[in-house]
Amino acid sequence: MIAIGSDHGGFELKNEIIKHLKKRGFTVEDFGTFSKDSVDYPDIAKAVCEPVAAGKFSFGILVCGTGIGISIAANKIKGIRAALCADPYSAAKAKQHNNANVITLGGRVTGPDLAMTIVDAYIDADFEGGRHQKRVDKIMDLEQN
Ligand code: RB5
């Protein structure tokens, strides 16, 4: 199960991503926003990331205008490793090396065709563990101190 959300800047791309994920057979829970009216991206980041961090979803996808603000907000939530992805190579590495549990995209930066290759690259990659596990553990230690 996948959690997804966007602000107004990512509204259209979010809807495209939802369609794509459903076509691939995934169950998606949409945490809004549900119109192009202006909203604050930290509120959406919190709504998506808290249940992701609690293990209620396999991962989350967040979209704002650039993908930057919503990734900064997401990374303030304990247990979240959010990666802003603008290309499929980075999206695959975000899973393989960083075990990111949230990816963020920029609805005003990344077109829908590219966005779907990014989402697919992340989903289809696996965390490699090993030396990367130690580094991810060190990231998570930073939250504790
Ligand atoms: C909203 O105008 C815009 O600031 C937001 O979508 C995002 O790009 C922030 O990082």
Side-chain angles (χ1 to χ4, degrees), residues 1-133 135-136 138-140 142-143:
M1 190 135 93
I2 301 169
I4 192 164
S6 76
D7 74 353
H8 51 291
F11 174 66
E12 287 171 337
L13 183 57
K14 179 194 66 162
N15 291 339
E16 293 300 315
I17 294 172
I18 290 170
K19 273 192 242 160
H20 177 74
L21 292 172
K22 287 187 172 167
K23 256 191 236 160
R24 281 198 58 174
F26 292 104
T27 305
V28 185
E29 185 163 336
D30 185 358
F31 286 84
T33 188
F34 299 106
S35 79
K36 286 187 187 174
D37 294 346
S38 183
V39 293
D40 298 330
Y41 55 81
D43 297 335
I44 305 293
K46 182 172 155 64
V48 167
C49 290
E50 285 184 344
V52 169
K56 294 182 181 152
F57 294 91
S58 317
F59 65 93
I61 299 178
L62 290 169
V63 192
C64 68
T66 58
I68 295 171
I70 211 155
S71 70
I72 293 171
N75 279 310
K76 298 289 180 194
I77 293 167
K78 271 197 173 184
I80 294 300
R81 292 176 301 283
L84 169 57
C85 296
D87 66 88
Y89 177 83
S90 301
K93 293 297 165 193
K95 175 76 75 58
Q96 291 165 349
H97 288 191
N98 314 119
N99 203 14
N101 50 11
V102 171
I103 57 167
T104 78
L105 295 99
R108 296 173 181 155
V109 178
T110 303
D113 288 355
L114 178 58
M116 300 324 147
T117 69
I118 290 167
V119 167
D120 286 345
Y122 169 80
I123 290 174
D124 296 335
D126 294 314
F127 180 49
E128 290 176 359
R131 68 187 190 281
H132 302 297
Q133 183 64 62
R135 294 164 186 166
V136 169
K138 287 189 175 188
I139 293 174
M140 301 326 284
L142 294 172
E143 274 184 355

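- Not a single side chain to side chain donor-acceptor pair (under 3.5 Å) links Glu143 to another residue, sequence neighbours left out.
- Interatomic distance, CZ of Arg108 versus CG of Leu13, reported as 12.0 Å (0.5 Å rounding).
- Listed by chain and residue number, His97, Phe127, Glu128, Arg135 satisfy the side chain to side chain contact (heavy atoms under 4.5 Å, CB included) test with His132 (two or more places apart in sequence, or in another chain).
- Nearest heavy-atom pair across Ala3 and Phe31 is CB-CE1, 3.6 Å.
- The list of side chain to side chain donor-acceptor pair (under 3.5 Å) pairs with a residue in residues 75-88, not counting sequence neighbours, reads Asp87-Ser90.
- Residues Ala45 and Ala74 share a closest heavy-atom pair of CB-N, 3.9 Å.
- For Gly32 against Ile44, the heavy-atom pair with the smallest separation is O-CG2, 3.9 Å.
- Legend: residues meeting side chain to side chain donor-acceptor pair (under 3.5 Å) with Glu29, ordered by chain and number and at least two apart, are absent.
- Counting only residues at least two apart or in different chains, side chain to side chain donor-acceptor pair (under 3.5 Å) contacts with residues 15-27 comprise Glu16-Lys19, His20-Asp120, Arg24-Asp120, Arg24-Asp124.
- Applying the ring-ring contact (aromatic ring centres under 6.0 Å, His included) test to every pair with at least one member in residues 60-96, sequence neighbours left out, gives no pairs at all.
- With contacts defined as side-chain heavy-atom distances shorter than 4.5 Å, the pair Ile123/Leu21 qualifies.
- Summarising the geometry of Val102 relative to Cys49, their closest heavy-atom pair is CG2-SG, 4.1 Å, with the distance given to 0.1 Å.
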Just list the side-chain donor-acceptor pairs under 3.5 Å for residues 51-66, sequence neighbours left out, or say none.
{"residue": "Ser58", "atom": "OG", "partner": "Met1", "partner atom": "N", "Å": "3.4"}
{"residue": "Ser58", "atom": "OG", "partner": "Met1", "partner atom": "O", "Å": "3.4"}
{"residue": "Thr66", "atom": "OG1", "partner": "Ile68", "partner atom": "N", "Å": "3.0"}

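- Residue pairs meeting the salt bridge (charged side-chain N to carboxylate O under 4.0 Å, His left out) criterion with at least one member in residues 42-53, sequence neighbours excluded: Lys46-Glu50.
- Partners of Ala91 according to the side chain to side chain contact (heavy atoms under 4.5 Å, CB included) rule, which considers only residues two or more places apart in sequence or in another chain, are Cys85, Ile118, Ala121, Tyr122.
- With a 4.5 Å cut-off on side-chain heavy atoms, Ile17 and Leu105 count as touching.
- Pairing each heavy atom of Ala100 with each of Ala83, the nearest pair is CB-CB, 4.0 Å.
- For Lys95, there are no side chain to side chain donor-acceptor pair (under 3.5 Å) partners at least two apart in sequence or on another chain.
- Between the side chain of Lys14 and the backbone N or O of Asp30 there is no donor-acceptor pair closer than 3.5 Å.
- In this structure, Asp7 contributes its side chain and Gly9 its backbone to a donor-acceptor pair below 3.5 Å.
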